[in-house]
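Numbers for residues simply follow the sequence, beginning at 1.
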Amino acid sequence: MAKTALVTGILGQDGPYLAKLLIEKGYKVYGLMRRYSQPHMGNLKFLGIENQIDFIEGDLTDESSLIQLVKTIRPTEVYNLAAQSFVGSSWDQAKLTTEVNALGVLYLLNSIKFFSPITKFYQASTSEMFGLSNDKGYQDENTNFHPRSPYGIAKVYAYWMTVNFRESYGLFTTNGILFNHESPLRGIQFVTRKITDGVARIKLGLAENISLGNLEAKRDWGFAGDYVEAMYLMMQAKEPDDYVVGTGICHSVMEFVELAFKHVGINDWKKYVVIDPRFKRPAEVPHLQAKSDKMMKKLGWRPKVAFDELVKMMVDADLKRLNK
Ligand code: NAP
Ligand code: G4F
C-alpha cells in the first residue's frame with residue numbers, strides 16, 4: 001500500500017517542495033487548503049505538481065474540519081506546515097497568529113489522537129523560538145527559548161504541545177526546529193525575496209530603490225528544497241525526536257543585499273537602498289545560527305545549496321519572472 005501524507009500549508013513555500021519530494025518517493029499527497037474565491041496555485045505550478053495533489057478544504061482554526069479529514073484519510077504522515085508565518089505581522093495580528101500557530105496545532109494533534117493515533121506528526125517549529133538566546137554564539141536543541149514576537153511565542157506553545165502528545169499518549173510526534181530557508185517560492189514580504197525581487201526590478205529599470213529595515217540582523221539562511229528532506233528524514237526515524245536544522249553559517253541582511261546587487265553587476269548598492277523605520281520590528285532577533293550536529297549525525301542530513309548559490313538562484317528566478 002502506498003504511504004499517504006497530509007501536508008498543511010500546501011500552497012506556501014515549503015508545502016510544494018515537500019509535496020514534490022513525497023510524490024517522488026511514491027506517496028499519495030493530500031493538501032489542506034483554505035477556502036479561496038481564487039486559489040493561488042503558482043508555487044505548485046512552478047514545480048509542475050499542481051495536478052498531482054488531492055486538495056482538501058479546511059482551516060487550522062476549524063477543529064471540526066481537521067477531525068473530519070484525519071478521520072477520513074487516516075494518513076500515514078501529517079506534515080503541519082500551515083501557519084501565519086510572517087513574524088512582522090504577528091504583533092498587529094497576535095490573536096490570529098495564536099489561533100493558527102498555537103491552537104491550530106492542538107486541534108490537529110487532538111484529531112490524530114482521537115481518530116488516527118498511528119499517524120505520524122511533524123510540527124514546523126522554528127529558530128524564532130530561540131529569539132534572544134545566543135549565549136554560545138549558536139543555537140541547538142539545548143538552547144533555552146526566549147521568543148521575541150507573538151509568532152515565536154505561539155510556536156513555543158505548539159512545540160511543547162507536540163512534545164507533550166508524544167510523552168503523554170505515545171504518539172509519533174516530532175519537531176523540526178528549522179532556521180530560515182528560502183527559495184524562488186518565498187513570499188515577497190520576507191526580506192530575502194523582497195531583496196531579490198527589488199534587485200531584479202532595479203536591474204530591469206522597473207524600480208529605483210528598495211526600502212528595508214534592520215540591515216544588521218543575522219540569519220542562518222539555507223535552501224528550502226534541502227530543508228524538506230530534513231522533515232522527511234525526521235518522520236522516517238525509528239523514534240520520534242526534536243531536531244535543529246540549519247547550515248551553521250550566518251550572514252547579515254546587509255551581506256545578502258550586497259551579494260544580490262553584485263550578482264547583477266551593481267557594486268554601489270547603497271545608492272539603491274532606503275532605510276525605512278516601518279520595516280523595523282518592536283523587538284528584533286539579532287542573531288540566529290544553527291548547530292545541527294544531532295540532525296547530521298543521527299539522520300545523515302546535509303544542506304547542499306550554499307548561501308551565495310541561494311542568493312544567485314533567487315535573483316535569477318526573479319529576473320526570469322519579471323522578464324516574462
Ligand atoms: P508560508 O509560505 O507562509 O506558508 C504557510 C501556509 O500556511 C500558507 O500556504 C497559508 O495559506 C497556510 N495557512 C495559513 N493560515 C492557515 C490556516 N488558518 N489554515 C490552513 N492553512 C493556513 O510558510 P513557509 O515558509 O512555507 O513555512 C512553512 C512552515 O514552517 C510555517 O509553519 C512556518 O512558520 C515554519 N517555518 C518556516 C521557516 C522558513 O524559514 N521558511 C523556518 C522555520 C519554520 P495561504 O496560502 O492561504 O496563505
Ligand atoms: O525575512 P524575515 O521576515 O524572516 P524572519 O523574521 O527571520 O522569519 C522567518 O524565519 C523564521 C525562522 O527563523 C520563520 F520561523 C518565520 O516563519 C519566517 O520564515 O526577516 C529576517 C530579518 C529580520 O531580522 C528582519 O528584521 O530581516 C530583517 N529585515 C530588515 N529589513 C527585514 C526587512 N525583514 C523584512 N521582512 N522586511 C524588511 O524590509
Side-chain angles (χ1 to χ4, degrees), residues 9 12-15 17-18 79-81 83 85-88 90 101 122-149 151-156 158-159 162 174-183 185-187 189-193 195 214 216-234 241-253 255-256 259 281 284-311 313-314:
Q13 172 188 249
D14 292 2
Y17 281 110
L18 176 65
Y79 293 85
N80 181 37
L81 309 184
S85 74
F86 187 53
V87 174
S90 72
N101 297 7
Y122 172 88
Q123 168 57 15
S125 284
T126 165
S127 48
E128 275 291 306
M129 300 187 304
F130 298 125
L132 211 54
S133 273
N134 188 29
D135 299 350
K136 300 186 208 123
Y138 62 79
Q139 294 90 15
D140 65 10
E141 293 81 4
N142 299 315
T143 305
N144 290 332
F145 294 148
H146 184 150
R148 296 271 281 169
S149 62
Y151 169 84
I153 294 164
K155 286 280 188 176
V156 169
Y159 171 93
T162 301
T174 176
N175 279 292
I177 308 174
L178 271 50
F179 284 58
N180 298 51
H181 45 278
E182 318 291 319
S183 74
L185 306 188
R186 188 58 141 152
Q189 277 184 308
F190 298 91
V191 77
T192 54
R193 240 337 272 306
I195 295 167
N214 177 17
E216 309 296 328
K218 290 187 171 149
R219 290 290 181 274
D220 179 338
W221 279 296
F223 171 53
D226 290 342
Y227 287 52
V228 298
E229 286 179 15
M231 297 176 192
Y232 171 75
L233 287 173
M234 282 177 226
D241 206 343
D242 310 310
Y243 297 89
V244 157
V245 181
T247 69
I249 302 167
C250 83
H251 295 272
S252 66
V253 174
E255 287 172 89
F256 194 107
L259 198 54
R281 294 179 176 170
E284 178 63 283
V285 170
H287 182 131
L288 291 176
Q289 185 167 351
K291 193 164 192 283
S292 303
D293 291 9
K294 180 174 169 184
M295 185 68 206
M296 294 187 184
K297 283 185 189 142
K298 274 184 84 176
L299 302 181
W301 178 80
R302 292 280 180 288
K304 297 183 194 106
V305 177
F307 176 70
D308 56 339
E309 290 174 81
L310 176 67
V311 177
M313 178 204 297
M314 291 176 69

Does the cation-pi check pass for Arg193 over Phe190, that is, NZ or CZ under 6.0 Å from the six-membered ring centre and within 45° of its axis?
->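 Not satisfied by the 6.0 Å and 45° rule.
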**Report entry** cation_pi(Arg281, Phe86) dist<6.0 Å, angle<=45
**Finding:**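 Yes, Arg281 and Phe86 form such a contact.
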Quick one: does [X]'s side chain get under 4.5 Å of [Y]'s, heavy atoms only?
X	Y	value
Asp14	Met231	yes
Glu128	Val87	yes
Asn175	Tyr243	no
Leu81	Leu18	yes
Tyr122	Asn80	no
Leu132	Pro286	yes
Met295	Val244	no
Val253	Trp221	yes

Subject >> Derivation and outcome, side-chain contact (heavy atoms from CB on, under 4.5 Å), residues Phe307 and Ile249 >> reply: CA-CA 9 Å; Phe307 176 70; Ile249 302 167; 6.0 Å; no
How many angstroms lie between [atom1] in [X] and [atom2] in [Y], if you round to the nearest 0.5 Å?
X	Y	atom1	atom2	value
Phe130	Asp135	CZ	CG	12.0 Å
Glu182	Ile195	CD	CD1	9.5 Å
Thr192	Leu310	OG1	CG	7.5 Å
Tyr138	Gln289	OH	CD	10.5 Å
Ser127	Leu178	OG	CG	8.0 Å
Lys294	Ile177	NZ	CD1	8.0 Å

[X] (side chain) donor-acceptor with [Y] (main chain) under 3.5 angstrom:
X	Y	value
His287	Val285	no
Asp220	Ala290	yes
Arg148	Gly131	no
Lys291	Glu141	no

| For Lys136, what residues pass the salt bridge (charged side-chain N to carboxylate O under 4.0 Å, His left out) criterion, not counting sequence neighbours? |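 So Lys136 forms no salt bridge (charged side-chain N to carboxylate O under 4.0 Å, His left out) with any residue.
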Can you give me the closest heavy-atom contact between [X] and [Y], atom names plus distance?
X	Y	result
Pro147	Gly152	CB-C, 3.6 Å
Tyr151	Ser90	N-OG, 3.1 Å
Gln139	Thr143	CA-OG1, 3.3 Å

**OP:** Just grab all the side chain to side chain donor-acceptor pair (under 3.5 Å) pairs involving residues 222-232, residues at least two apart or on different chains.
**Re:**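 Listed once each, the pairs are Glu229-Lys304.
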For [X] and [Y], test the side chains for any donor-to-acceptor distance below 3.5 angstrom and give the result as yes or no.
X	Y	result
Ser133	Asn144	no
His146	Asn134	no
Gln123	Thr162	no
Gln13	Ser183	yes

| task | List the steps and the verdict of salt bridge (Lys or Arg N to Asp or Glu O under 4.0 Å) for Lys298 and Asp241. | result | CA-CA 11 Å; Lys298 274 184 84 176; Asp241 206 343; 3.3 Å; yes
Check step by step if salt bridge (Lys or Arg N to Asp or Glu O under 4.0 Å) holds for Glu284 and Arg219. CA-CA 12 Å; Glu284 178 63 283; Arg219 290 290 181 274; 3.6 Å; yes
_Checking Asn180 against Leu288 for the side-chain contact (heavy atoms from CB on, under 4.5 Å) test, could you report, in this order, the C-alpha distance in whole Å, the side-chain angles of both residues, the deciding distance, and whether it holds?_
CA-CA 9 Å; Asn180 298 51; Leu288 291 176; 4.2 Å; yes
Flag if over 12 foreign heavy atoms under 6.0 Å of NZ, Lys218 =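 Result for NZ/Lys218: open.
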Run the numbers on Val245 and Trp301 for side-chain contact (heavy atoms from CB on, under 4.5 Å), then give the verdict. CA-CA 9 Å; Val245 181; Trp301 178 80; 3.5 Å; yes
message: side-chain contact (heavy atoms from CB on, under 4.5 Å), that's the test. Do Tyr159 and Thr126 meet it? Break it down for me.
response: CA-CA 9 Å; Tyr159 171 93; Thr126 165; over 6 Å; no
